[in-house]
Q: 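What follows is a single structure, and I will ask about it in a moment.
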Amino acid sequence: MVEFQDVSVTYNSSGVDALNKINLKINDGDFAFVVGPSGAGKSTLIKLVLKEIDATSGTVLVNGFNLKKLRRGKVPALRRTIGVVFQDFRLIPTMTVYENVAFVLRVIDAPAKYIRSRVPYVISLVGLSDKAKCYPTELSGGEQQRVALARALVNDPQLIIADEPTGNIDPALSYEIVELLKSINECGTTILMVTHEHDLVRYFGGRIININKGNVDFDEVVGGVQNES
Amino acid sequence: MVEFQDVSVTYNSSGVDALNKINLKINDGDFAFVVGPSGAGKSTLIKLVLKEIDATSGTVLVNGFNLKKLRRGKVPALRRTIGVVFQDFRLIPTMTVYENVAFVLRVIDAPAKYIRSRVPYVISLVGLSDKAKCYPTELSGGEQQRVALARALVNDPQLIIADEPTGNIDPALSYEIVELLKSINECGTTILMVTHEHDLVRYFGGRIININKGNVDFDEVVGGVQNES
Amino acid sequence: MKASSLRYLVHQGVTGIWKNRMMTFASFCILLVSLLMVGLASLTAINLTRIISGIEDKSEVVVVISDNATKENEKELEKHLKAIPNVHTISLYTKEEAWEGMLDSMTEEERAFFKYADENPLPDTYRLTVKDIEIMSDTTAQIETLDFVESTQSPTSFADVLISIRRIFSIIAVAVVSALVVVSLVIISNTTRASVFARRKEINIMKYVGATNAFIRIPFFVEGMIVGLVAAIGALLMTKFAYEGVYNIFSDDSVIWVIMGMKKLYSFKELLFPVSISYLAAGAVIGAVGTSISTGKHLKV
Amino acid sequence: MKASSLRYLVHQGVTGIWKNRMMTFASFCILLVSLLMVGLASLTAINLTRIISGIEDKSEVVVVISDNATKENEKELEKHLKAIPNVHTISLYTKEEAWEGMLDSMTEEERAFFKYADENPLPDTYRLTVKDIEIMSDTTAQIETLDFVESTQSPTSFADVLISIRRIFSIIAVAVVSALVVVSLVIISNTTRASVFARRKEINIMKYVGATNAFIRIPFFVEGMIVGLVAAIGALLMTKFAYEGVYNIFSDDSVIWVIMGMKKLYSFKELLFPVSISYLAAGAVIGAVGTSISTGKHLKV
Ligand SMILES: Nc1ncnc2c1ncn2[C@@H]1O[C@H](COP(=O)(O)OP(=O)(O)OP(=O)(O)O)[C@@H](O)[C@H]1O
Ligand SMILES: Nc1ncnc2c1ncn2[C@@H]1O[C@H](COP(=O)(O)OP(=O)(O)OP(=O)(O)O)[C@@H](O)[C@H]1O
Ligand SMILES: [Mg+2]
Ligand SMILES: [Mg+2]
């Protein structure tokens with residue numbers, strides 16, 4: 001569960017008000033699309049959830065943690081409940097695809113045996129089995145994005161946040177990726193996906209949150225084309 | 001003018017055949033969309049044009065340079081005729097937006113006076129006048145992408161190559177960006193744009209090159225929705 | 001933490017050495033040079049102390065005994081001299097011995113004269129060595145108050161020289177060693193900070209997927225420790241080489257040693273154990289702590 | 001290249017110092033330490049050479065003149081001695097002077113005897129200093145073949161000692177200085193390589209927009225040169241401080257100098273000009289070349 005109560009964010013360095021008194025509640029098991037123009041504050045919203053930045057004012061609750069009161073030492077515990085696909089991928093260039101995915105499990109001290117079976121499975125889910133031994137620089141943009149997605153999925157988190165997970169992927173694959181996220185959502189994982197691709201949103205429907213200039217403009221459940229047919 | 005004659009590329013490290021005997025000719029003044037699934041070889045095509053990599057076999061001609069025979073010392077001369085938007089932006093993190101754009105002109109030894117007038121103009125074209133003093137890390141994904149575009153435009157190159165220039169930008173802005181590229185094209189600049197957004201391609205029409213598994217599948221001029229209305 | 005995880009982290013540290021070979025090599029060089037220089041400076045200081053204490057042992061106070069002293073008076077005097085705390089050794093040098101010694105030290109021409117001397121004009125003397133050369137003048141003053149002491153001759157000027165030399169050497173040695181220690185720390189912390197800086201993205205990403213600080217630090221720690229140990233071994237070998245080179249030079253030119261009246265240098269074998277232990281400990285600690293401390297800054301994400 | 005572009009590149013270099021302050025500081029430290037150590041070692045070597053040549057000047061060969069030589073014979077002999085290439089200075093020491101000197105150097109008791117000597121048994125002598133102490137034994141052999149030379153006395157054992165000392169000092173000095181030079185180069189090239197490595201993306205991007213290699217190198221070059229110059233100034237100040245400290249210690253204890261028969265050390269003022277020039281040149285060259293050479297690797301894009 002993610003809840004924003006009157007949350008504002010102002011970046012000191014540029015003086016930009018990225019979010020203005022946002023109120024938003026995403027329940028466990030929701031699937032929400034976050035849309036909005038460039039610079040609206042979508043990535044800022046995600047940074048808040050990860051406690052990468054702190055809210056200038058207001059309260060952020062994530063998976064039972066009150067982020068304002070969360071001590072430094074507890075941040076890893078919070079982050080282990082969340083899987084993230086970053087807009088700029090953030091893969092570790094010195095690790096292979098396999099290692100990039102596996103080390104998330106090593107971080108949570110998973111048994112070696114589990115790692116050996118889980119990682120190849122997740123990599124196959126995103127269709128990269130034959131690239132498992134490549135380094136990120138040897139992959140195309142779309143392939144890197146899928147590695148980032150595999151990394152977000154691998155430790156079966158309560159909440160998956162994806163910032164433009166289909167930004168570098170061709171349409172056919174984009175649909176497959178959202179289908180994948182949908183099926184994960186059906187097993188109870190909350191999913192928050194930032195996207196610019198209105199086609200995708202129109203097709204799948206569901207909860208759509210539109211952010212504009214730091215405000216929530218629109219927040220409703222919309223039927224998708226997919227379900228009509 | 002860009003011409004590929006029987007060009008193949010095989011990456012040694014992964015053994016992937018990224019391009020197979022491609023033949024392609026893009027004339028001066030063309031506007032071409034390059035589409036195709038993830039990992040098809042689109043970015044590889046661009047790397048060839050920039051002489052970032054060399055073709056395993058075949059001939060690549062760019063703006064009158066035969067890239068196979070081009071000596072190291074002449075590579076800067078080639079690159080100065082090309083403006084590029086990279087899929088991963090490649091902004092210099094230690095420079096402000098203004099400096100990131102301006103240094104392209106400094107590289108070609110442009111007069112200081114010209115730099116002072118040209119750079120703000122180009123930054124205003126991509127709508128970032130109020131962010132000129134920000135550093136790349138202080139920008140949203142879409143804003144970074146627009147800085148990359150401004151950098152590609154600034155020295156008025158013969159050829160602009162854009163790899164997913166709208167990947168992180170909301171639809172409304174995407175249309176504006178392509179309009180901008182179109183108007184630049186009308187002044188005689190050749191433009192090669194890689195994109196996954198079929199909506200854009202459908203709307204604007206023009207020459208569409210579809211690459212699939214290292215081969216050119218489709219290469220035709222298609223009428224756009226824009227022109228019909 | 002599971003054994004398998006620990007094994008993984010240690011393995012990461014080991015492979016990190018090769019992955020970051022450039023940085024690692026820089027750290028290695030700096031550690032090696034620092035250890036080597038501080039080590040050689042310390043060894044020099046240790047040997048200088050030994051040489052100086054050797055010279056100290058040889059600087060004697062001559063106590064001239066009155067002509068009218070009997071054997072009993074001399075015995076009495078010896079007891080009193082022994083009671084003085086700063087007196088180390090004491091030996092009687094009779095007028096006959098003194099005469100022989102004097103003849104020995106003369107040139108042929110000079111000796112020719114003394115052949116005709118009918119009486120030995122030299123007095124009996126006690127020759128003392130002192131424990132602390134720096135308070136020698138107090139000691140001689142005390143001795144001169146005793147009965148049957150005609151006069152004392154102490155190598156005051158020579159003692160002054162020795163004291164000055166020791167003072168200069170200790171100032172220089174302390175200055176050199178402490179400068180090197182400070183400099184090494186600055187350089188090492190800078191290099192490791194640079195190494196961590198080059199990997200800050202990696203650290204950053206790890207933090208984002210919920211890695212604890214320990215998880216991130218252990219590989220750096222292992223890496224730093226290994227580099228430190230290897231540098232220590234390298235420094236040890238080079239120290240051995242340099243030390244034995246110098247040692248052999250000094251051993252060959254025995255003339256110097258005789259004239260300077262110095263004890264022999266310590267052989268490297270005598271020093272091997274403490275030197276090895278110090279090098280390895282210093283290398284491992286500086287490497288490990290230096291590397292892992294500098295990760296701290298980037299862990300605050 | 002336009003003046004404005006050059007100004008821009010120089011400015012980039014200057015601001016680069018602050019932007020990369022961490023790396024810059026590391027380079028600065030290493031350069032400073034290297035210059036300081038090589039500089040101090042060289043100054044020590046220079047002074048040792050002066051001291052040794054001072055001792056050399058004082059080591060005399062005594063040429064004993066036959067009893068039956070007349071004043072004319074002595075003059076003749078002096079001419080022959082002066083003709084020997086290795087002879088530096090020559091002075092006559094008559095038997096009367098020798099007698100005075102001998103009495104002066106004696107203790108009270110010894111002197112008592114000589115009072116009664118009716119004839120001066122000492123011979124006239126020439127005292128020579130030589131140019132090169134190492135071939136002194138050849139020179140004395142040559143002198144002994146001359147007429148009216150009774151015998152020669154040369155301080156052979158003392159000369160041997162001096163020669164040994166000089167040999168040891170020069171070996172140690174050369175070893176220390178060359179080790180430091182090599183080590184500094186390794187460390188500096190590593191640090192600058194690390195600095196360039198941290199900026200490899202930047203360099204890479206510049207290449208993609210058509211920058212020439214010179215364009216990329218100039219800022220690094222300027223940065224390195226400035227850092228080198230600043231390090232040289234720092235090293236110069238520290239050298240002055242350290243040198244004058246040691247200089248004062250030695251000046252105070254004049255006893256040592258008298259006994260060791262050494263010339264005074266060079267004052268820092270005498271050395272200021274060559275030392276400053278060497279420091280600044282070395283700092284600027286090492287800084288600039290070191291930094292710009294290591295950019296080479298990343299320019300191949
Ligand atoms: N670290 C930062 N420092 C200063 N300003 C920032 C920083 N990050 C973002 N901003 C500013 O805050 C605003 C919101 O940025 P944010 O990244 O949340 O946008 P976004 O909705 O993700 O946009 P996009 O779709 O382009 O990624 C932008 O105007 C941006 O310039
Ligand atoms: N440096 C490299 N070393 C090895 N293999 C590479 C390298 N770069 C790309 N490849 C491989 O070559 C193939 C083509 O890559 P390319 O980047 O050209 O794809 P793309 O069409 O740009 O895809 P996308 O739309 O996902 O960016 C991919 O399979 C990729 O894994
Ligand atoms: Mg964003
Ligand atoms: Mg691509």
Side-chain angles (χ1 to χ4, degrees), chain B residues 46-47 49-54 62-63 65 71-86 88-96 99-116 135-136 147-148 150-155 157-161 163, chain D residues 1-27 192 194-224 227 291-293 295-301:
Chain B
I46 289 173
K47 286 184 204 164
V49 173
L50 287 171
K51 204 172 156 68
E52 181 177 338
I53 55 173
D54 281 318
V62 177
N63 294 336
F65 296 92
R71 278 182 300 110
R72 279 237 160 270
K74 287 284 172 207
V75 172
L78 163 73
R79 289 182 180 162
R80 287 173 190 196
T81 66
I82 309 171
V84 205
V85 180
F86 293 97
D88 51 357
F89 318 154
R90 302 204 195 168
L91 302 175
I92 299 179
T94 54
M95 288 184 179
T96 62
E99 275 305 319
N100 262 289
V101 176
F103 96 96
V104 177
L105 293 178
R106 301 198 200 280
V107 161
I108 60 169
D109 224 3
K113 213 172 142 188
Y114 177 70
I115 296 179
R116 274 197 298 277
Y135 286 90
V147 178
R151 187 178 63 188
L153 302 177
V154 74
N155 66 338
Q158 268 176 267
L159 169 66
I160 292 179
I161 298 178
D163 200 350
Chain D
M1 188 170 285
K2 288 202 185 61
S4 70
S5 295
L6 198 63
R7 215 178 315 123
Y8 169 76
L9 291 176
V10 170
H11 179 251
Q12 283 298 99
V14 174
T15 54
I17 292 172
W18 179 244
K19 274 193 188 156
N20 308 291
R21 53 192 172 278
M22 218 180 59
M23 291 297 191
T24 305
F25 185 65
S27 300
T192 51
S195 152
V196 173
F197 183 78
R199 284 152 89 178
R200 69 193 183 287
K201 270 199 179 160
E202 198 176 318
I203 294 173
N204 212 285
I205 295 165
M206 288 190 177
K207 288 292 285 186
Y208 277 119
V209 301
T212 56
N213 292 351
F215 186 89
I216 293 170
R217 270 186 172 154
I218 289 174
F220 281 102
F221 195 85
V222 170
E223 190 182 323
V227 171
T291 313
S292 54
I293 276 180
T295 51
K297 202 175 130 195
H298 298 283
L299 292 176
K300 289 179 195 139
V301 181

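Chain letters run A, B, ... following the sequence lines, proteins first and then strands; every chain starts at 1.
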Q: Roughly how far apart are Leu105(B) CG and Tyr8(D) OH, rounded to 0.5 Å?
A: 10.5 Å
Q: State, with a plain yes or no, whether a side-chain heavy atom of Met95(B) is found less than 4.5 Å away from one of Gln12(D).
A: yes
Q: When rounded to the nearest 0.5 angstrom, what is the spacing between OG1 in Thr212(D) and CD1 in Ile108(B)?
A: 12.0 Å
Q: What are the two closest heavy atoms between Val107(B) and Gly210(D), and how far apart are they?
A: CG1-O, 3.2 Å
Q: Could you tell me whether a side-chain N or O of Arg79(B) sits under 3.5 Å from a main-chain N or O of Lys207(D), the two making a donor and an acceptor?
A: yes
Q: Can a cation-pi geometry be assigned to Arg90(B) and Tyr208(D), taking NZ or CZ under 6.0 Å from the six-membered ring centre and within 45° of the ring axis?
A: yes
Q: Passes side chain to side chain contact (heavy atoms under 4.5 Å, CB included), Ile205(D) versus Arg151(B)? Steps please.
A: CA-CA 11 Å; Ile205(D) 295 165; Arg151(B) 187 178 63 188; 3.4 Å; yes
Q: Is any side-chain heavy atom of Glu202(D) closer than 4.5 Å to one of Thr94(B)?
A: yes
Q: Go through the steps to decide whether Val209(D) and Phe103(B) satisfy the test side chain to side chain contact (heavy atoms under 4.5 Å, CB included), and finish with yes or no.
A: CA-CA 9 Å; Val209(D) 301; Phe103(B) 96 96; 3.9 Å; yes
Q: Under 4.5 Å from any heavy atom of chain D, what part of Leu91(B) do you find: side chain, backbone, both or neither?
A: backbone
